[in-house]
Amino acid sequence: MGSAPSDAPSDPPAPPAAPGPPGPYVADTVARTAKILVVGDFGVGKTSFIGSVSEIRPLRTEEPITEASTGVDDLARLPGKTSTTVAMDFGRITLNPSLALYLFGTPGQRRFWDMWAGLAEGAVGVLVIVDSRRLAGGFDVLDQVETHVAAPFAVAVNHFPDTPPHPHDRLRGALDLLPHTPIVDCNALDRDSSVAALVALAEHALTVREPAP
Ligand SMILES: Nc1nc2c(ncn2[C@@H]2O[C@H](COP(=O)(O)OP(=O)(O)OP(=O)(O)O)[C@@H](O)[C@H]2O)c(=O)[nH]1
Ligand SMILES: [Mg+2]
């Protein structure tokens with residue numbers, strides 16, 4: 001006749017799951033999570049940055065660049081760029097066994113900058129990425145962040161191969177940054193340097209929230 005029901009008392013217990021690399025679920029050791037906003041001008045490397053650090057397959061909203069971009073978005077230094085973020089990027093990184101960061105990336109085209117304030121809701125820190133070849137674009141981005149986002153920020157200079165490194169004191173002056181605002185160099189395509197930028201931001205955000213006695 002029929003076979004025994006699968007939940008019969010004689011069924012052996014399932015073996016424990018083998019430990020492995022971070023999967024889709026947050027590790028049991030994680031006690032705190034924090035939301036981080038990743039912002040920057042058009043094509044500075046936000047999507048690349050989140051893609052290189054995320055331990056889960058990042059959520060992307062890439063669409064082909066259309067003629068509406070002509071004369072508006074600076075594609076001169078981005079010959080291989082054929083798509084752009086139209087809503088957001090999302091990724092996750094477990095920074096240490098007890099802390100995971102949720103990364104929300106903004107769209108870079110200026111007609112989408114109104115979305116930033118909504119995406120920033122609940123963020124504890126903002127990573128402002130600037131393109132080492134187009135520093136001037138960072139000025140408007142910082143203005144937008146200071147006006148519409150109430151969270152501490154750090155600046156990550158995404159270093160493209162055809163530019164010399166910028167001394168941080170000159171950069172601080174050029175972008176009119178406060179003395180305590182962290183500046184870090186990174187390569188958005190390189191995981192280690194991108195993680196280092198997030199660590200600098202996390203440390204800064206914690207210092208601002210919990211100032212030393
Ligand atoms: N060589 C080099 N190329 C980079 C680096 N970061 C990004 N790129 C390239 O620059 C282009 C733009 O990168 P994206 O990550 O799409 O930039 P984005 O800021 O997300 O762009 P939008 O969403 O359109 O604003 C891509 O072709 C990347 O491969 C970098 O550090 N070095
Ligand atoms: Mg993007």
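Whatever order the structure lists them in is the order used to number ligands and atoms, beginning at 1. All values below come from the heavy atoms of this structure, side chains included, with hydrogens, waters and symmetry mates left out. All residue numbers refer to positions in the sequence shown, counting from 1.
- Note on Thr47: counted as a metal contact of the Mg ion (ligand 2), an N/O/S atom lying under 2.8 Å.
- Protein heavy atom nearest atom 3 (N) of ligand 1, with residue, atom name and distance: Phe160 CE2, 3.3 Å.
- Considering only non-hydrogen protein atoms, atom 18 (P) of ligand 1 sits nearest to Lys46 N, 3.5 Å.
- By the 4.0 Å heavy-atom criterion, Gly40 is excluded from the residues contacting ligand 1.
- Residue contacts with ligand 1 include His159, since one of its heavy atoms falls under 4.0 Å from the ligand.
- With no hydrogens or angles considered, no side-chain donor-acceptor pair links Asp185 and His166 at under 3.5 Å.
- With a 4.0 Å heavy-atom cut-off, ligand 1 is reached by the side chain of Pro161 but not by its N, CA, C or O.
- Regarding atom 26 (C) of ligand 1, its nearest protein heavy-atom neighbour is Ser48 OG, 4.4 Å.
- Both the backbone and the side chain of Thr84 come within contact range of ligand 1, each with a heavy atom under 4.0 Å.
- With respect to atom 30 (C) of ligand 1, the closest heavy atom belonging to the protein is Asn187 OD1, 3.5 Å.
- Among the atoms of Thr85, an N, O or S atom is found under 2.8 Å from the Mg ion (ligand 2).
- Only the side chain of Lys81 comes within contact range of ligand 1, with a heavy atom under 4.0 Å; no backbone atom does.
- Atom 12 (C) of ligand 1 has its closest protein heavy atom at Gly43 O, 3.7 Å.
- The distance from ligand 1 to the heavy atoms of Ala188 drops below 4.0 Å at these ligand atoms: 6 (N), 31 (O).
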